[in-house]
Amino acid sequence: TLVQTTTTGAAGAYKFELGDADLEANSVWYVRSHGARSMNRKIRVAPQITFEGPPEGTQILTGVANKVTFTGKVTPATDIGALVVLQRQNALTGNHWTRIGASTVEPGGTYSLPHAFIVPGDANLRVAVLSRGHNAPAFSSLLSYEISQAQNKTLTIEANPDPISYGQSMTIGGTLTGATSSQTVTLLARTVRQHGFAQVAQVSTSTTGVYTFPAQTPLNSTFYRVESDGRASAVLFEGVKYVVSAQASTTATLQGQIVTFSGKVEPTPLRPEHVIYLERQNASGSGFHIVREATVGAGGTYSIPYQVANVGNDVFRVYIPGGPDNGGAASPLITVKVSPAPAAALKEVPGNSTSPGEGGTTTTEVEREGEERGEAGTSPEEAPPHGHGHHRV
């Protein structure tokens with residue numbers, strides 16, 4: 001199908017601007033000029049996905065009674081029936097994901113995923129939309145939560161604040177019901193790498209059963225529980241989030257140029273190959289989507305080069321998903337002003353829009369199936385357009 005025509009510049013350079021209507025599905029493109037034809041170029045279109053749930057940092061409890069529903073929208077809303085998979089991270093390096101729920105894209109592009117959590121701990125979640133050839137597989141930005149056991153009403157345990165960032169302090173308190181005088185309460189803790197709880201501190205309740213421990217400053221995410229009068233509380237998970245610094249090599253550049261985002265993660269991830277994402281804010285101004293994936297190097301440092309393509313003010317952030325030791329966190333926002341560049345100056349950077357790690361999904365099989373069904377077929381020949389002066393392309 002003929003889409004556009006244009007004229008070349010004096011040096012033969014040309015440029016086409018494709019709109020949203022041209023890029024709703026995977027497609028194959030070529031250009032013609034005076035009987036000459038270019039190679040085919042396949043453009044795979046990943047939809048944008050919103051992913052919404054309780055506000056990040058919300059303490060979610062285990063059990064069916066505390067079921068949480070995640071919702072969102074897939075744009076463009078043309079791939080009705082595509083599989084939507086809810087995934088939870090489960091690896092030390094942040095690049096392996098386990099399916100914990102599934103749904104499909106409904107008319108209008110919406111989806112809904114109810115889920116009851118069973119395992120307490122840090123929960124980094126995303127959704128993957130797996131098309132059947134219409135679009136490329138796509139992944140949402142991440143949401144991070146702290147999952148704790150449902151409370152024992154006779155001996156409660158709460159932390160404030162929860163979660164915290166690396167270097168912050170928090171307090172733990174609660175109530176022992178039925179206390180008629182001061183009772184001793186013991187605080188126990190363990191990290192994910194420790195076997196069994198160890199005593200941390202002891203305090204006495206008030207005459208009404210209320211207790212508060214001195215401030216704690218855990219360096220890594222920690223499980224806590226309290227014991228008193230033969231009773232044990234639920235297990236409380238206190239997430240300790242990474243702290244991410246970020247800066248850009250420039251905040252004003254031309255379209256097609258490379259901007260490098262770099263910084264440091266604290267505390268240093270357990271493994272230097274821990275995945276880290278560069279995310280760009282959605283055009284709507286709500287939410288982010290992943291545009292590049294990299295890994296954290298020695299000492300917690302990282303560097304992510306990215307070729308900017310959108311003219312205007314692009315807003316970026318760097319996000320590191322959490323792991324067993326520390327929770328996920330985002331850097332402060334960075335705005336890069338991108339000005340138009342001449343067509344002759346534009347060059348493609350291979351792999352610029354690297355998709356995030358697919359983890360345990362069946363994405364590869366979905367991609368292969370789409371290709372086998374003909375999404376990469378060659379467009380039919382067209383009669384070459386003719387013009388005057390500069391070549392029409």
Side-chain angles (χ1 to χ4, degrees), residues 59-63 66 87-100 116-125 144-152 154-174 176 183-203 211-243 265-275 296 300 320-329 359-360:
Q59 186 70 241
I60 296 177
L61 302 179
T62 58
N66 301 302
Q87 298 177 318
R88 181 173 180 175
Q89 176 203 5
N90 72 339
L92 299 178
T93 56
N95 56 2
H96 188 77
W97 297 81
T98 297
R99 171 174 169 164
I100 61 172
F117 290 91
I118 300 173
V119 180
D122 182 76
N124 301 297
L125 308 175
S144 295
Y145 299 100
E146 319 300 325
I147 314 298
S148 294
Q149 284 186 341
Q151 291 278 5
N152 174 0
T154 68
L155 179 56
T156 62
I157 179 172
E158 297 177 350
N160 184 34
D162 184 11
I164 60 174
S165 295
Y166 174 71
Q168 280 188 303
S169 297
M170 57 84 184
T171 58
I172 291 177
L176 175 66
Q183 300 279 342
T184 298
V185 181
T186 302
L187 177 65
L188 303 102
R190 72 170 181 88
T191 66
V192 71
R193 302 184 187 283
Q194 295 174 327
H195 298 286
F197 285 85
Q199 181 175 320
V200 174
Q202 284 188 327
V203 295
Y211 68 89
T212 303
F213 286 94
Q216 306 289 316
T217 310
L219 302 181
N220 301 110
S221 298
T222 303
F223 295 94
Y224 291 98
R225 78 178 187 205
V226 295
E227 296 178 351
S228 181
D229 194 29
R231 287 176 274 180
S233 72
V235 175
L236 170 75
F237 180 76
E238 177 70 21
V240 180
K241 302 174 72 173
Y242 288 117
V243 174
V265 179
E266 293 182 304
T268 302
L270 178 67
R271 296 186 179 182
E273 69 269 24
H274 197 298
V275 70
V296 179
I320 182 168
D325 298 287
N326 293 92

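Note that the structure is predicted; figures quoted are calculated from it, not measured.
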Any salt bridge (charged side-chain N to carboxylate O under 4.0 Å, His left out) pairs touching residues 156-165, not counting sequence neighbours?
none

Pairing residues for Ser233 by the side-chain hydrogen bond (donor to acceptor under 3.5 Å, both in side chains) criterion, not counting sequence neighbours:
none

Looking only at heavy atoms, the pair that brings His274 and Gly322 closest together is NE2-O, 4.1 Å

For Gln202, all residues meeting side-chain hydrogen bond (donor to acceptor under 3.5 Å, both in side chains), sequence neighbours excluded
Thr186

Who passes side-chain hydrogen bond (donor to acceptor under 3.5 Å, both in side chains) against Thr62, sequence neighbours left out?
none

Salt bridge (Lys or Arg N to Asp or Glu O under 4.0 Å) involving Arg231 - partner list, sequence neighbours excluded:
Asp229

Tyr211: ring-ring contact (aromatic ring centres under 6.0 Å, His included) partners, not counting sequence neighbours
Phe213

Residues Glu238 and Met170: closest non-hydrogen pair is OE2-CG, 3.6 Å

For the atom pair CG (Leu176) and CD1 (Ile157), what is the distance rounded to the nearest 0.5 Å?
12.5 Å

Could you state the interatomic distance from CD1 (Ile147) to CD (Gln59), rounded to the nearest 0.5 Å?
7.5 Å

Measuring only between side-chain heavy atoms, which start at C-beta, is Ile100 closer than 4.5 Å to Leu125?
yes

Shortest non-hydrogen contact between Gln89 and Trp97, atoms and distance:
N-CE3, 3.3 Å

Value rounded to 0.5 Å, distance of CD1 in Ile320 from OH in Tyr242
5.0 Å

Rounded distance [0.5 Å steps], CD1 in Ile60 versus OG in Ser148:
10.0 Å

For Arg225, all residues meeting salt bridge (Lys or Arg N to Asp or Glu O under 4.0 Å), sequence neighbours excluded:
Glu227

Which atom of Asn66 lies closest to which atom of Ala150, heavy atoms considered:
ND2-CB, 4.1 Å

In residues 214-223, what donor-acceptor pairs under 3.5 Å come from side-chain atoms, sequence neighbours left out?
residue: Gln216; atom: NE2; partner: Pro214; partner atom: O; Å: 3.1
residue: Thr217; atom: OG1; partner: Ser169; partner atom: OG; Å: 2.6
residue: Asn220; atom: ND2; partner: Asn326; partner atom: OD1; Å: 3.0
residue: Ser221; atom: OG; partner: Val240; partner atom: N; Å: 3.0
residue: Ser221; atom: OG; partner: Asp325; partner atom: O; Å: 3.4
residue: Thr222; atom: OG1; partner: Asn220; partner atom: O; Å: 2.8

Under a 3.5 Å threshold, yes or no: a donor from one side chain and an acceptor from the other, between Ser144 and Asn124?
yes

Heavy-atom closest pair (Ala189 atom, Gln194 atom, distance to 0.1 Å) is O-OE1, 4.4 Å

Flag side-chain contact, heavy atom, 4.5 Å: Asp122 against Phe237:
yes

Which residues pass the side-chain hydrogen bond (donor to acceptor under 3.5 Å, both in side chains) test with Thr154, sequence neighbours left out?
Asn152

Going by ring-ring contact (aromatic ring centres under 6.0 Å, His included), name the residues that satisfy it together with Tyr166, two or more places apart in sequence or in a different chain.
none

Could you check Gln151 against Thr156 for side-chain hydrogen bond (donor to acceptor under 3.5 Å, both in side chains), going step by step and ending with a plain yes or no?
CA-CA 6 Å; Gln151 291 278 5; Thr156 62; 5.1 Å; no

